[in-house]
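Worksheet for the structure shown next.
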Amino acid sequence: MPAPILPPRSPLYARTPPALFPLCLGFVGLALAWRRVSDALGFHAGVGETLLSMSAVLFAATLLLYLRKLAARPIALLDDLRTPAGRGALSAGSMTMMLLGFGFVDIAEGLARALWLSGLVAHLVLAALLIELMLHLPRGTRPATPALYVPFVGQIVAPMGGVPLGYEALSAGILVVSIIIWIGLTGPILARLSKAAPQPPVRPPLAILLAPPAIGLVAHHALPPALQSTGLELILFVIASLTAVFLLIRATWLTEGGFTPLWASFTFPFAAYAGAAGVMVENRMGAAWDAVAAGALAAATLITFFVTWRFVVAAKAGELFRAPVI
């Protein structure tokens with residue numbers, strides 16, 4: 001069932017697209033990547049802190065708009081969950097909360113804990129709602145797409161904030177379960193992609209394939225040293241690197257359909273990869289990793305700001321808030 005068409009003159013909040021949440025997620029991911037790589041390579045730390053502040057403001061504004069939308073029409077949540085892209089976009093919001101919680105641990109621990117716990121609970125609630133909804137949808141309308149990684153594997157970011165907040169056992173359990181779900185979903189997703197390539201407008205979410213191994217590496221590195229494995233991190237980084245190279249080679253094909261809000265899918269995966277490269281620098285795997293981390297960070301920064309610019313252009317043209325949007 002498609003989302004209803006809202007009147008073109010409906011209030012701005014009523015047309016808030018879920019795709020703004022993946023953009024928020026990309027920004028906070030970039031901020032944390034700058035923090036990690038700056039520490040590892042000796043860059044100025046101010047860039048990461050500035051981006052973190054920008055991320056918090058962007059997310060707060062987006063969340064307020066979306067909550068106002070739900071207050072006026074609660075069923076809008078289910079309408080957004082009925083679209084494949086919307087299923088992932090909404091859960092990107094709860095992932096952003098968990099990552100902001102991690103970002104604020106050393107700044108305001110009380111706020112960090114509230115954000116982290118709220119994000120984790122919201123993520124699990126959204127996943128439960130999505131499972132219930134998908135069980136009642138016709139089989140053809142619930143395809144296995146990379147967007148499903150976001151609601152069902154997205155909690156993999158939890159250990160980053162959970163460990164410093166004192167939830168070590170819970171974080172380790174979440175990481176193990178998330179990796180199992182990632183592996184379980186990857187088979188059906190790749191099988192479906194091997195049978196038929198997505199149409200141009202819906203290709204950008206393929207970039208989400210990069211996120212689980214990249215952020216899984218970073219989350220694993222957040223665990224106590226006794227639970228860490230440098231070998232596992234190297235395996236995850238190889239998987240992430242191969243995926244990143246494939247996506248970059250296919251960039252023209254991925255963007256063939258022109259700009260849509262789905263381009264937000266490009267932001268967080270590459271930011272997560274930059275963070276993963278920073279972990280490899282911290283592991284002292286070799287001097288070559290410095291160049292890899294710096295290059296990955298530069299690429300993630302360019303991608304995030306270019307996509308943000310396209311969002312701004314679309315908003316000025318009145319296209320971003322034109323319903324329905326993903």
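For the numbers below, each heavy atom of this structure counts, side chains included, while hydrogens, waters and symmetry mates do not.
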Pairs involving residues 22-49, ordered by first then second residue, that meet salt bridge (charged side-chain N to carboxylate O under 4.0 Å, His left out) (sequence neighbours left out): R35-E49, R36-E282
Ring centres of [X] and [Y] under 6.0 Å apart?
{"X": "Y167", "Y": "W116", "value": "yes"}
{"X": "F268", "Y": "F27", "value": "no"}
{"X": "W289", "Y": "F237", "value": "yes"}

salt_bridge(K69, D79) N-O dist < 4.0 Å: no
State whether the side chain of [X] and the backbone N or O of [Y] hold a donor-acceptor pair below 3.5 Å, judged by distance alone.
{"X": "Q155", "Y": "S178", "result": "no"}
{"X": "S118", "Y": "L115", "result": "no"}
{"X": "R203", "Y": "E256", "result": "no"}
{"X": "T243", "Y": "L210", "result": "no"}
{"X": "H123", "Y": "V150", "result": "yes"}
{"X": "H220", "Y": "S229", "result": "yes"}

With I189 via side chain to side chain contact (heavy atoms under 4.5 Å, CB included) - residues at least two apart: A144, P146, Y149, L185, L193, L209
Could you check whether [Y] and [X], counting side-chain N and O atoms only, form a donor-acceptor pair closer than 3.5 Å?
{"X": "T301", "Y": "W34", "answer": "yes"}
{"X": "S241", "Y": "Y273", "answer": "yes"}
{"X": "H221", "Y": "E233", "answer": "yes"}

Any L223 side-chain heavy atom under 4.5 Å of E168 side chain: no
Connected-component partners of I249 among ILVMFWY, side-chain separation under 4.5 Å: V245
